[in-house]
Colleague: 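Below you will find the structure I want to go over with you.
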Protein chains: 2
Amino acid sequence: MEPVNLKRLAKELNLAISTVSRALRDSYDISPETKKRVFELAQKLNYEPNPYASSLRKQKSRTIAVVIPEVANNFFSLAINGIESIAQEKGYHVLIYLTHEDYQKEVSITRHLQSGRVDGILMSVAANTENSSHIVELHNKGIPIIFFDRVSDDIDTSRITTDDYDSGFKATEHLIQCGCKQIAYLSFSQHLSITNKRMRGYLEALEHYNIKPDRKLIILCSSDNGQSYPVLRKLLSGKKRPDGIFASVEKLAIASYHLCEELKIDIPKDIKVISFSNLETASLLNPSLTTITQPAFDIGKKAASVLFRRLEKNKTPFMSETVVLKSALIPRNSTKV
Amino acid sequence: MEPVNLKRLAKELNLAISTVSRALRDSYDISPETKKRVFELAQKLNYEPNPYASSLRKQKSRTIAVVIPEVANNFFSLAINGIESIAQEKGYHVLIYLTHEDYQKEVSITRHLQSGRVDGILMSVAANTENSSHIVELHNKGIPIIFFDRVSDDIDTSRITTDDYDSGFKATEHLIQCGCKQIAYLSFSQHLSITNKRMRGYLEALEHYNIKPDRKLIILCSSDNGQSYPVLRKLLSGKKRPDGIFASVEKLAIASYHLCEELKIDIPKDIKVISFSNLETASLLNPSLTTITQPAFDIGKKAASVLFRRLEKNKTPFMSETVVLKSALIPRNSTKV
DNA sequence: AAGGTTTCCGAAAACGGTTCCGCAAAAAGG
DNA sequence: CCTTTTTGCGGAACCGTTTTCGGAAACCTT
């Protein structure tokens with residue numbers, strides 16, 4: 001079975017390869033009749049241009065990479081959805097790389113991406129990424145990187161985030177207004193932009209309402225449930241159990257729910273819970289979970305849009321833009337008074 | 001800034017390009033000293049081989065495509081996780097394509113994939129794909145396709161599924177044993193392998209327990225919530241409301257929960273619910289949801305393994321294998337007597 | 001020392017497109 | 001009718017690797 005490529009088309013039509021190529025790209029200096037002949041044969045033989053030959057020659061791959069910590073996560077899967085919707089529209093291809101929150105994996109992935117495999121990168125950094133020199137290196141190679149949600153401040157590029165500080169403030173305020181005095185903040189990384197901003201909001205809300213922050217109520221969990229559970233179990237079964245929990249990520253809220261069930265702690269009577277979450281079933285939980293919900297799909301869409309805009313017009317000097325989308329606080333029964 | 005490619009390395013080392021190439025691939029007929037010199041410079045300059053040049057030359061891309069209906073879905077995101085874990089281990093790259101359950105999109109994606117962009121494909125077909133000629137076409141081009149979960153029977157290739165018939169039977173049996181007499185089966189596609197097999201299990205369980213199947217209880221919903229809700233609302237608010245629901249997919253169980261809340265129908269007192277689902281919060285719902293849980297991560301891993309095995313040894317004539325993994329029925333309060 | 005083997009490396013041809021350059025023939029202009 | 005311009009197409013270089021083929025030098029062998 002002979003391959004169907006330009007050479008094949010050219011031979012069957014008695015044309016030069018270059019002519020066929022230009023006809024297919026609808027170049028202005030090929031006659032309409034020739035174009036028609038070419039199109040028809042191409043259609044008939046189901047010709048699909050070899051993307052690798054094209055990428056090699058044009059030094060453009062029409063492919064982007066999405067580098068994220070995990071995919072089995074409502075926020076990221078919605079974001080991917082948004083990214084893919086724009087990519088498909090623009091005719092781009094999407095490569096997925098998962099770091100599993102592992103710094104080393106992130107390094108090796110970014111290193112590989114220096115190869116020119118992709119035209120641009122959408123990234124949300126791993127929880128234990130302290131150093132961003134690997135990203136700087138990539139950026140210095142001239143490959144556009146756009147951060148979304150979990151950003152790195154060491155690189156001058158565009159960022160798409162939500163209003164994490166405000167949301168942190170409002171979440172805490174909400175708990176306070178629901179009567180909580182001892183509010184625990186559950187973080188899962190010391191290095192992440194988002195957890196730190198959310199924590200700042202938390203701390204300043206406490207201050208604003210004249211509640212003295214308690215270091216023992218700032219709980220550093222992990223992205224690994226196996227490590228988080230013991231820490232949380234200790235918190236919840238201890239003498240000075242908090243009366244409010246602000247979980248900076250969904251996973252920790254779910255852990256809290258499970259532990260409250262195990263420890264016979266009543267939500268919201270004994271303890272109130274609010275969490276950042278994109279759980280579609282938040283309203284169906286027992287009790288329904290008060291959430292700060294990020295517009296994950298829109299973040300993905302926006303990030304992809306910004307990247308593609310940059311890729312299409314690389315002539316104009318690029319201006320990094322910081323887009324901040326608003327999250328919504330949706331009160332439900334887990335913080336009911 | 002000069003590009004760092006083989007030519008550059010060759011020039012700086014006063015070697016031929018071919019020599020550098022072979023040194024980097026650790027070819028046996030390059031002397032150890034030369035290899036060392038090459039490795040060191042490559043390291044120093046952070047050389048990454050151009051994947052497109054390599055793919056073009058070798059006619060292999062070390063890239064696979066994952067074609068699925070959606071990603072914001074617990075089953076598929078877990079499956080991707082499994083796929084990616086194997087791919088990363090084997091040094092393969094993963095392209096994601098979403099059909100959004102749209103037949104036309106599936107056609108255009110598969111058509112494009114004839115280009116040689118990927119070495120193999122992992123696929124779960126869209127809900128309204130009736131005709132699989134586009135997949136046959138792709139398969140005829142010699143590109144390995146492995147189906148997982150939602151398979152097509154028109155192509156002779158490997159399939160990774162779960163025991164859908166058995167699970168359908170057991171789910172129905174479970175409802176019957178919990179006292180249900182009028183069990184509705186919620187499907188969302190007439191063409192899908194999985195929904196049909198699950199339905200067969202449902203029907204044969206009814207028969208086995210001498211319950212006459214009622215056509216009006218086989219409800220064809222949609223992958224679009226906007227269409228499913230009216231249909232389900234009619235079912236649940238009608239005179240002859242079922243006393244048991246078997247949802248073939250998670251989405252329909254969630255819809256049922258929402259509608260039962262809206263219509264003040266008590267689960268499990270008025271109606272019992274069981275569903276195929278990979279919801280991590282199934283046990284936290286109100287009431288906790290009895291599920292048939294598929295080993296989604298393992299399905300992804302297995303599908304990827306089978307594909308890679310086929311890709312690595314394409315010398316041996318390929319035998320299609322059908323792997324069936326077991327789902328687990330996890331009884332919870334939504335079917336409590 | 002002549003012949004035969006290794007050892008190590010270079011030259012060059014692919015892979016399948018894209019694109020610059022140029023050249024005939026046809027059309028237009030005077 | 002001759003010159004100039006336009007139109008339509010072919011030739012060939014190039015993108016960065018891989019790989020085949022072959023060749024020179026060094027190493028044995030007898």
Side-chain angles (χ1 to χ4, degrees), chain A residues 1-39 41-42 45-63 91 93 112 114-119 141, chain B residues 1-39 41-42 45-63 91 93 112 114-119 141:
Chain A
M1 197 171 59
E2 238 181 313
V4 33
N5 49 27
L6 286 186
K7 194 195 285 186
R8 165 92 177 276
L9 294 181
K11 203 196 296 176
E12 299 211 6
L13 292 166
N14 256 317
L15 288 171
I17 292 179
S18 54
T19 306
V20 178
S21 173
R22 273 170 301 185
L24 288 172
R25 330 193 87 251
D26 208 20
S27 163
Y28 62 93
D29 63 9
I30 300 295
S31 75
E33 311 95 83
T34 305
K35 278 183 191 170
K36 186 151 168 278
R37 289 209 303 140
V38 173
F39 280 132
L41 185 65
L45 297 185
N46 232 317
Y47 170 72
E48 282 286 337
N50 183 311
Y52 296 128
S54 174
S55 296
L56 176 58
R57 177 60 229 249
K58 299 208 286 192
Q59 301 287 74
K60 288 256 173 306
S61 61
R62 284 197 92 75
T63 303
H93 300 260
H112 168 80
Q114 297 191 20
S115 64
R117 186 180 286 273
V118 298
D119 297 344
K141 281 252 175 174
Chain B
M1 197 171 58
E2 237 180 316
V4 32
N5 49 27
L6 287 184
K7 194 195 287 186
R8 165 90 176 277
L9 294 181
K11 202 196 297 177
E12 300 210 7
L13 291 167
N14 256 320
L15 287 171
I17 292 180
S18 53
T19 306
V20 179
S21 173
R22 272 170 303 187
L24 288 172
R25 330 194 86 252
D26 207 21
S27 163
Y28 62 91
D29 62 9
I30 301 294
S31 75
E33 311 95 82
T34 306
K35 279 184 191 170
K36 184 149 170 276
R37 289 209 303 139
V38 172
F39 280 133
L41 185 64
L45 297 185
N46 230 316
Y47 169 73
E48 281 286 337
N50 183 311
Y52 296 128
S54 175
S55 296
L56 177 59
R57 177 60 230 249
K58 298 207 288 191
Q59 302 288 74
K60 287 257 176 301
S61 61
R62 285 197 93 75
T63 303
H93 300 261
H112 168 80
Q114 297 192 20
S115 66
R117 185 180 289 274
V118 297
D119 296 345
K141 281 251 175 174

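These figures come from a predicted structure and were not determined experimentally. By convention in this document, chain letters (A, B, ...) are assigned in the order of the sequence lines, proteins followed by strands, and residues within each chain are numbered from 1.
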Colleague: Can you work out whether Asn14(B) or Leu56(B) has the more 5'-proximal nearest nucleotide on DNA chain C?
Modeller: Asn14(B)
Colleague: If you take atom types as modelled and just measure distance, does the side chain of Arg57(A) reach the base of dG16(D) with a donor-acceptor pair under 3.5 Å?
Modeller: no
Colleague: Say whether, by atom type as modelled, one donor and one acceptor occur between the side chain of Thr63(A) and the main chain of Ser61(A) under 3.5 angstrom.
Modeller: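 Looks like yes, one N/O pair under 3.5 Å.
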Colleague: Without decimals, in angstroms, what is the distance between Ile17(B) CD1 and dA14(C) C1'?
Modeller: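 In whole Å, dA14(C) C1' and Ile17(B) CD1 are 14 Å from each other.
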Colleague: From NZ of Lys60(B) over to P of dT19(D), roughly how many Å is that when rounded to an integer?
Modeller: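 Distance, rounded to whole Å: 11 Å.
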Colleague: Dot-bracket for DNA chain C, please. Rules: Watson-Crick or G-U, both distances under 3.5 Å, ( ) within the strand, [ ] when a pair crosses earlier ones, | for another strand, . otherwise.
Modeller: ||||||||||||||||||||||||||||||
Colleague: Between the base of dC15(D) and the side chain of Asn50(B), is there any donor-acceptor pair under 3.5 Å?
Modeller: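 Result: no qualifying N/O pair found.
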Colleague: Looking at Ser31(A), I'd like to know whether one of its side-chain N or O atoms comes within less than 4.0 Å of OP1 or OP2 on dC9(D).
Modeller: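 True: Ser31(A) side-chain N/O within range (under 4.0 Å) of dC9(D) OP1/OP2.
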Colleague: Salt bridge check: are Glu12(B) and Arg37(B) linked by an N-O gap of less than 4.0 Å?
Modeller: no
Colleague: In terms of relative ring orientation, are Tyr52(A) and Tyr52(B) parallel, tilted or perpendicular, with 30° and 60° separating the classes?
Modeller: parallel
Colleague: Please report, rounded to the nearest Å, how far the P atom of dG10(C) is from the NZ atom of Lys11(B).
Modeller: 16 Å
Colleague: With a cut-off of less than 4.0 Å, is there a side-chain N or O of Gln59(A) near OP1 or OP2 of dT18(C)?
Modeller: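 Result: no.
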Colleague: Take Leu9(B) and Leu24(B) through the side-chain contact (heavy atoms from CB on, under 4.5 Å) test and state the conclusion after the steps.
Modeller: CA-CA 11 Å; Leu9(B) 294 181; Leu24(B) 288 172; 4.2 Å; yes
Colleague: Please tell me which of the listed nucleotides, dT18(C), dC15(C), dG16(D), lies nearest to the side chain of Asn5(B)?
Modeller: dG16(D)
Colleague: Looking at dT17(D), dA11(C), dG11(D), which one has an atom nearest to any side-chain atom of Ala16(A)?
Modeller: dG11(D)
Colleague: Should Lys35(B) and Asp26(B) count as an ion pair when the cut-off is N to O under 4.0 Å?
Modeller: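 Judged by the 4.0 Å cut-off on N to carboxylate O distance, Lys35(B) and Asp26(B) do form a salt bridge.
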Colleague: Taking the side chain as every heavy atom from C-beta outward, state whether Asn46(A) and Val4(A) have any atom pair closer than 4.5 Å.
Modeller: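 Result no, sub-4.5 Å side-chain heavy-atom pair not found.
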Colleague: How do Leu15(B) and Lys58(B) order along DNA chain C: which one's closest nucleotide is nearer the 5' end?
Modeller: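 Result: Leu15(B).
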Colleague: Looking for any heavy atom pair under 4.0 Å, which part of the strands does Thr34(A) touch: base, sugar-phosphate only, or nothing?
Modeller: sugar-phosphate
Colleague: State which of dC15(C), dG17(C), dC8(C) makes the closest approach to the side chain of Pro49(A).
Modeller: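 That would be dG17(C).
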Colleague: What's Tyr28(A) touching, base or sugar-phosphate or nothing? Going by heavy atoms closer than 4.0 Å.
Modeller: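 No contact.
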Colleague: Does either side chain, that of Arg117(B) or that of His93(A), offer a donor lying less than 3.5 Å from an acceptor on the other one?
Modeller: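 His93(A) and Arg117(B) do have a side-chain donor-acceptor pair below 3.5 Å.
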Colleague: Side chain of Ser21(A): nearest nucleotide among dT18(C), dG11(D), dG10(C)?
Modeller: dT18(C)
Colleague: Side chains of Ser21(B) and Arg25(B): does their closest heavy-atom pair fall under 4.5 Å?
Modeller: yes
Colleague: Take the protein atom CG of Leu24(B) and the nucleotide atom P of dC9(C), then report the distance between them rounded to whole Å.
Modeller: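 The distance from CG of Leu24(B) to P of dC9(C) comes to 13 Å, rounded to the nearest Å.
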Colleague: What is the distance, rounded to the nearest whole Å, between atom CG of Asp26(A) and atom P of dG8(D)?
Modeller: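 From Asp26(A) CG to dG8(D) P: 13 Å.
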Colleague: Specify the separation, in whole Å, of atom CG of Leu13(B) and atom P of dC8(C).
Modeller: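 Answer to the nearest Å: 17 Å.
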Colleague: Return yes if the base of dG10(C) and the side-chain atoms of Arg22(B) contain a donor-acceptor N/O pair under 3.5 Å, otherwise no.
Modeller: yes
Colleague: CG of Asp29(B) versus P of dG10(C): gap in Å, rounded?
Modeller: 11 Å
Colleague: Report yes if at least one side-chain N or O of Tyr47(A) is closer than 4.0 Å to OP1 or OP2 of dG16(C); otherwise report no.
Modeller: no
Colleague: Let me know the distance between CG of Leu6(B) and C1' of dC15(D), rounded to the nearest Å.
Modeller: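 Distance, rounded to whole Å: 12 Å.
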Colleague: Check every atom of dA12(D), dA12(C), dT17(D) against the side chain of Ser18(B) and return the nucleotide holding the closest atom.
Modeller: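 Side chain of Ser18(B) sits closest to dA12(C).
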